[in-house]
Protein chains: 2
Amino acid sequence: MTSTLFRERDALRSREAILDAAERLFAERGFANTSLSDVGAAAGLSRGTPSYFFGSKQDLYRAVLERCFAEVREAVRVGKERALASGQPTEVVLAGAVGEYVDFLAARPNFVRLIEWEALSDGDLSSEAGHHIGVAQEALTAFVQELGLRAELAGEAAQFLLSIIALSWFPLIHRSTIVRALGLDADAPDFLARRRQHVIDLVLSGLRARSAQANGAVAHPPSTSPTP
Amino acid sequence: MTSTLFRERDALRSREAILDAAERLFAERGFANTSLSDVGAAAGLSRGTPSYFFGSKQDLYRAVLERCFAEVREAVRVGKERALASGQPTEVVLAGAVGEYVDFLAARPNFVRLIEWEALSDGDLSSEAGHHIGVAQEALTAFVQELGLRAELAGEAAQFLLSIIALSWFPLIHRSTIVRALGLDADAPDFLARRRQHVIDLVLSGLRARSAQANGAVAHPPSTSPTP
DNA sequence: CATAACTTGCTGGATATCAAGCAAGCGACT
DNA sequence: AGTCGCTTGCTTGATATCCAGCAAGTTATG
């Protein structure tokens, strides 16, 4: 019998192992600070194997991003369909969607960090991250549709969506810096649930206030002005 | 007379020039992607000068961070004093403080990007970013004090403060990716004002809802639960 | 005042390290 | 024998760090 110490040779498995390793390392340390040696070693393979399967380092990076975005696109598609078909009241649908978004991101720290490196390095989305546009637009139209807004309020909706993303995203990036500096423990078992609820409450109260302001007369002045 | 083409030798000015150049380049491209040659050239000096003044690349980086944090500490201190002494109603004070925070960050893209690189690279705040703790704690106590909360609600306050930071911070990092993907134009002359107002409205409505829930009976159920 | 002795600000070559990419090689299986 | 999966040796380019040195001052000394 052949030794079981060495895995049998399997191109597909090795490819996936390299993708996994690269995703983890690129997410943790960024593109520039990850060497192909590191990737090979983390995949349990040699220095040269990443190049063998993916060509250049850039190409490997593209492959990693592509795999991540595919997952996100799918999640948005599914979430959108479910939300629009549910027939539940708007607030319930939104609360569910926001909560799921928080959980989705929290379960994918690699994805979040990858995008963050990307945003910092590139400056603009010209290169790889062009995928983002499509997903964001799809989410935005679903959001506008669910709120039953006319097109004129798309800017307002975009602000809200931007806020939802920011609220869900930020604590994951700064879990060990700002979050901890505020005395919160991102590793505590109930942190995620608390955060999820907080984000949902904040967004819903914001939307309620906004629609109250739009419908009724001027109950309170539009909002307090900051400059004296 | 001596030629005015060449600046007279001035150690302090050169030091500052190098700090400025390093801050800009580290913020734009990150630590790993900035060479000391780049820094020297950007400062109008030679390849070797950064090392001459600051020793190692790491030390130069530390000096840049230190200078940034000093500015932030000062801003927090001033803002805190002014807010607590103003005697205005809580909502006005908060709206002012939040708006100022948004503007403060928007005026300092270098700072925001620097911290973001730091958060991504380090993972934890052990090393350089330990400064953060102090500033965040000071802001938090001011916030709790302004709201007149008991210590038990510090966790709640921290969530709100975290949200304020996230809302103000995120669009600056993702101005060319997510913000643009949502159809917003971060370079439009009124984007900052709109965003400022949105953040203020969102935070204030959230706080109003929270205090209504705390004071009155259960007007609406605590909040809609996301899981089916 | 003049010259020498010394300091300070800054430069740019030399060296060493490290990583990407290429190509030759090697073992296993068909 | 040939192909596939993978490894290893080597080259080349980039860059951090060390250091010798120059030039513009500054102080001490005649």
Side-chain angles (χ1 to χ4, degrees), chain A residues 1-65 117 121 127-128, chain B residues 1-65 117-118 121-122 127-128:
Chain A
M1 73 192 293
T2 56
S3 160
T4 56
L5 272 179
F6 306 103
R7 282 189 306 214
E8 59 211 10
R9 294 145 67 102
D10 180 340
L12 251 76
R13 173 166 54 186
S14 293
R15 237 188 96 97
E16 286 299 304
I18 287 172
L19 268 182
D20 291 341
E23 178 181 314
R24 217 196 62 222
L25 291 176
F26 284 151
E28 278 174 12
R29 326 212 276 238
F31 181 80
N33 283 326
T34 301
S35 78
L36 293 179
S37 300
D38 294 338
V39 174
L45 293 164
S46 88
R47 186 161 60 74
T49 323
S51 302
Y52 172 74
F53 280 111
F54 294 93
S56 75
K57 193 185 177 186
Q58 269 296 334
D59 288 338
L60 171 60
Y61 183 63
R62 258 187 286 272
V64 166
L65 272 191
W117 283 113
S121 315
S127 55
E128 329 290 356
Chain B
M1 76 194 296
T2 55
S3 161
T4 56
L5 273 179
F6 306 104
R7 284 188 306 213
E8 59 211 10
R9 296 147 56 104
D10 181 340
L12 253 78
R13 173 165 56 186
S14 293
R15 239 189 95 97
E16 286 298 305
I18 287 172
L19 268 182
D20 291 343
E23 178 182 314
R24 218 195 63 222
L25 291 176
F26 285 150
E28 278 173 13
R29 329 213 277 239
F31 181 80
N33 284 325
T34 302
S35 78
L36 292 181
S37 300
D38 295 337
V39 174
L45 293 164
S46 88
R47 187 161 60 73
T49 323
S51 304
Y52 172 74
F53 279 111
F54 294 94
S56 75
K57 194 184 176 187
Q58 269 295 335
D59 287 338
L60 171 57
Y61 183 63
R62 256 186 287 271
V64 167
L65 273 191
W117 283 112
E118 187 62 16
S121 314
D122 269 28
S127 55
E128 329 291 356

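All chains are named by letter (A, B, ...) in the order of the sequence lines, taking the proteins before the strands, and each is independently numbered beginning at 1.
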Phosphate contact (D:dG5 OP1 or OP2) by A:Thr49 side-chain N/O below 4.0 Å: no
Identified salt bridge (Lys or Arg N to Asp or Glu O under 4.0 Å) partner of A:Asp38 from the options A:Arg24, A:Lys57, A:Arg29, A:Arg47: A:Arg29
Report yes if a donor N or O on one partner sits less than 3.5 Å from an acceptor N or O on the other, where the partners are the side chain of B:Arg47 and the base of C:dG13; otherwise report no. yes
Could you work out which one of D:dG5, C:dG9, C:dA19 sits closest to the side chain of B:Ala11? C:dG9
Quick check: on DNA chain C, is the nucleotide nearest A:Gly48 upstream (toward 5') of the one nearest A:Asp38, or the reverse? Name the residue that is more 5'. A:Asp38
Taking atom C1' of C:dG9 as reference, at what distance in whole Å does atom CG of B:Leu12 sit? 12 Å
Please confirm whether the shortest side-chain N or O distance from B:Ser51 to OP1 or OP2 of D:dA16 is below 4.0 Å. no
Between D:dA16 (C1') and B:Phe54 (CZ): distance, integer Å: 17 Å
Could you tell me how far apart B:Phe53 (CZ) and D:dT17 (P) are, to the nearest whole angstrom? 17 Å
From CZ of A:Arg15 across to P of D:dC4 the rounded distance in Å is 16 Å
For the pair made of CG in A:Asn33 and P in C:dA20, what is the distance, rounded to whole Å? 11 Å
Under 4.5 Å between any side-chain heavy atoms of B:Trp117 and B:Phe31, yes or no? no
Taking the side chain as every heavy atom from C-beta outward, state whether B:Leu19 and B:Phe54 have any pair of such atoms under 4.5 Å apart. yes
Counting C-beta onward and ignoring hydrogens, is there a side-chain heavy-atom pair between A:Leu60 and A:Phe26 closer than 4.5 Å? yes
Counting just side-chain N and O atoms, does A:Ser56 come under 4.0 Å of either OP1 or OP2 of C:dA20? no
Contacts of B:Tyr52 and A:Leu36 projected onto DNA chain C by closest heavy atom; the upstream (5') one is B:Tyr52
So, OP1 or OP2 of D:dC6: does either fall under 4.0 Å of a side-chain N or O from A:Ser14? yes
Quickly work out the B:Leu60 CG to D:dT15 C1' distance and round it to whole Å. 15 Å
The side chain of A:Leu45 lies closest to which of these nucleotides: C:dT11, D:dA16, D:dT7? D:dT7
In whole angstrom, what separates A:Tyr61's OH from C:dA20's P? 15 Å
Using modelled atom types and a 3.5 Å cut-off, is there a donor and acceptor pairing between side-chain atoms of B:Thr49 and backbone atoms of B:Tyr52? no
Could you tell me the separation between the CG atom of A:Asp59 and the C1' atom of C:dG21, rounded to a whole number of Å? 12 Å
